[in-house]
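Note that this is a predicted model, so its numbers are computed, not measured. Whatever order the structure lists them in is the order used to number ligands and atoms, beginning at 1.
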Amino acid sequence: MYDELFDLIKSIYANQSSIVLHEPILTEHDKLYLNDVIDSGFVSSVGQYVTQFEKKLSSITGAKETVAVVNGTSALHLALKAVGVSHEDEVITQSLTFVATANSIAYCGASPVFIDVDNHTLGMSYSSLKHWLENKCKNTSKGLINRTTGRRVAACLPMHTFGNSCEIENIASLCREFQLPLIEDAAEAMGSYYKQQHLGTFGDIGVVSFNGNKVITTGGGGALLFNDKSLAESVRHLSTTAKVPHPYQYSHDQIGFNYRMPNLNAALGCAQLDKLDALLASKRRVFKSYHDFFNTKFRSKPMSLIEPVKYCQSNHWLNAVIVEQASKVKNLIELASEQNIMLRPAWQPMHSLPMFKHADRDDLTVTSDLASRLVNLPSSAVINEQLNLPKLPEFMSGN
Ligand SMILES: Cc1ncc(COP(=O)(O)O)c(C=O)c1O
């Protein structure tokens with residue numbers, strides 16, 4: 001019954017003996033940048049590529065300032081610390097997410113509180129958040145307090161699932177109303193926009209990831225997007241062991257982190273950003289192939305494709321289907337595997353993991369249902385390498 005779908009996937013990724021969920025596109029152009037940084041000798045924490053990468057990210061996303069770090073997880077950790085999340089606090093987030101979202105809250109000694117997601121966005125539900133804030137929390141002189149646990153609610157951390165936008169505009173205005181710091185986990189959303197505004201720029205801080213499975217990669221890497229330059233400066237300081245600038249003395253004014261992105265990774269990031277538009281265009285074509293197939297050809301309808309919501313220009317990081325019956329998911333994934341096609345279920349929800357099973361939560365009916373029926377499809381970009389890409393930036397190549 002799934003043969004039509006498997007044939008489509010094989011036609012999109014023609015000539016690939018094994019089709020994975022998402023692979024990086026690495027070319028001669030990337031090698032040019034990497035060779036350049038190796039020749040320069042500045043492979044580690046000093047070097048101009050980090051600054052260049054941050055500038056490019058700010059210009060693409062519209063963020064006022066960007067800080068590049070070693071991965072998306074460390075970016076989330078720093079973001080939460082920067083808005084003041086501390087021991088015994090709570091952070092409202094979603095259970096349908098990658099474990100890094102909840103882990104980063106735990107790194108601060110705080111507890112996640114899980115509220116439900118929407119069927120259409122797969123991200124945090126605005127109405128569930130509103131209901132939670134209005135009914136389960138109270139405003140006190142110490143700030144917003146969870147009436148049940150008595151803990152301070154220190155931030156809200158929604159996630160943009162698979163590159164599609166959650167109801168970020170409404171969530172942002174609700175957070176403003178409750179004076180709740182908003183951090184967007186936009187790890188999967190590099191190149192995604194809502195009403196022309198890049199995801200990750202609606203709240204206090206947004207986080208993107210450049211892990212090898214993302215739209216662009218730096219090997220491992222992440223970045224924080226800021227609208228407030230002074231907040232960015234304090235995070236940059238924290239990410240470099242809080243070292244006080246001095247020509248030779250080692251002095252640190254607080255407990256910092258060794259989270260700064262190395263120059264080597266940033267060079268790869270600059271090369272990858274040169275082809276971001278081409279990658280996004282290709283991913284749009286892959287999505288369109290799935291869209292046409294599910295809307296016109298795949299008549300038996302055992303599953304339906306997740307489509308981006310209105311006003312969202314998605315990067316289509318991972319295309320996903322909702323299988324009609326949860327009991328069919330295992331069989332679908334195994335049949336695909338026999339044909340060397342990788343399909344994957346969504347994450348096990350955070351509230352079902354041993355370390356978060358005692359976390360406070362709202363009704364999670366949609367989360368549990370989606371987690372049992374969501375399946376990701378192969379979504380890598382397919383690009384023709386004859387792209388007219390820029391040469392090395394002027395500040396390098398022997399200058
Ligand atoms: C939703 C989400 N948050 C956070 C991360 C963490 O990013 P990294 O792997 O760069 O640490 C990822 C992915 O990797 C993710 O998908």
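Partners of H316 according to the side-chain hydrogen bond (donor to acceptor under 3.5 Å, both in side chains) rule, which considers only residues two or more places apart in sequence or in another chain, do not exist here.
Residue V329 is tested with N331, L332, I333 for a side chain to side chain contact (heavy atoms under 4.5 Å, CB included); the sole match is I333.
Using a 4.0 Å cut-off to heavy atoms of T101, the atoms of ligand 1 that qualify are 3 (N). Within ligand 1, the atoms closer than 4.0 Å to a non-hydrogen atom of G221 are 10 (O), numbered from 1 in the order shown. Atoms of ligand 1 found under 4.0 Å from any heavy atom of M159, numbered from 1 in the order shown, are 1 (C). Proximity to A187 (heavy-atom distance under 4.0 Å) selects the following atoms of ligand 1: 2 (C), 3 (N), 4 (C), 5 (C), 12 (C), 15 (C).
Scanning the protein for heavy atoms near atom 13 (C) of ligand 1, the closest one is K214 NZ, 2.8 Å. Looking at atom 12 (C) of ligand 1, its nearest protein heavy atom turns out to be F98 CD2, 3.4 Å. Given atom 8 (P) of ligand 1, the protein heavy atom at minimum distance is G72 N, 3.4 Å.
Between the side chains of D30 and T27, a donor-acceptor pair is found at a separation under 3.5 Å. Side chains of N71 and S74: a donor-acceptor N/O pair is present below 3.5 angstrom, by distance only. Using modelled atom types, one finds a donor on one side chain and an acceptor on the other under 3.5 Å when comparing S379 with N319.
When heavy-atom distances to ligand 1 are checked against a 4.0 Å cut-off, T73 comes that close through both its backbone and its side chain.
Looking at ligand 1, you won't find any N or O of T97 less than 3.5 Å from one of its N or O atoms. Ligand 1 has an N or O atom lying under 3.5 Å from an N or O atom of D185, backbone or side chain. Polar contact check, S209 against ligand 1: a nitrogen or oxygen pair lies under 3.5 Å apart. The shortest N/O to N/O separation between A100 and ligand 1 does not fall below 3.5 Å.
We find that D360 and K136 are not joined by a salt bridge, their nearest charged nitrogen and carboxylate oxygen being 4.0 Å or further apart. In this structure, K330 pairs ionically with E334, as a charged nitrogen and a carboxylate oxygen lie closer than 4.0 Å.
Nearest to atom 1 (C) of ligand 1 by heavy atom, out of E188, H160, Q94, is E188.
Between H22 and W317, the ring planes are tilted. Angles from 30° to 60° get that label.
The neighbour count for Y193 OH, taken as heavy atoms of other residues, nucleotides or ligands under 6.0 Å away, is above 12.
Taking a 4.0 Å cut-off on heavy atoms, S74 fails to register as neighbouring ligand 1.
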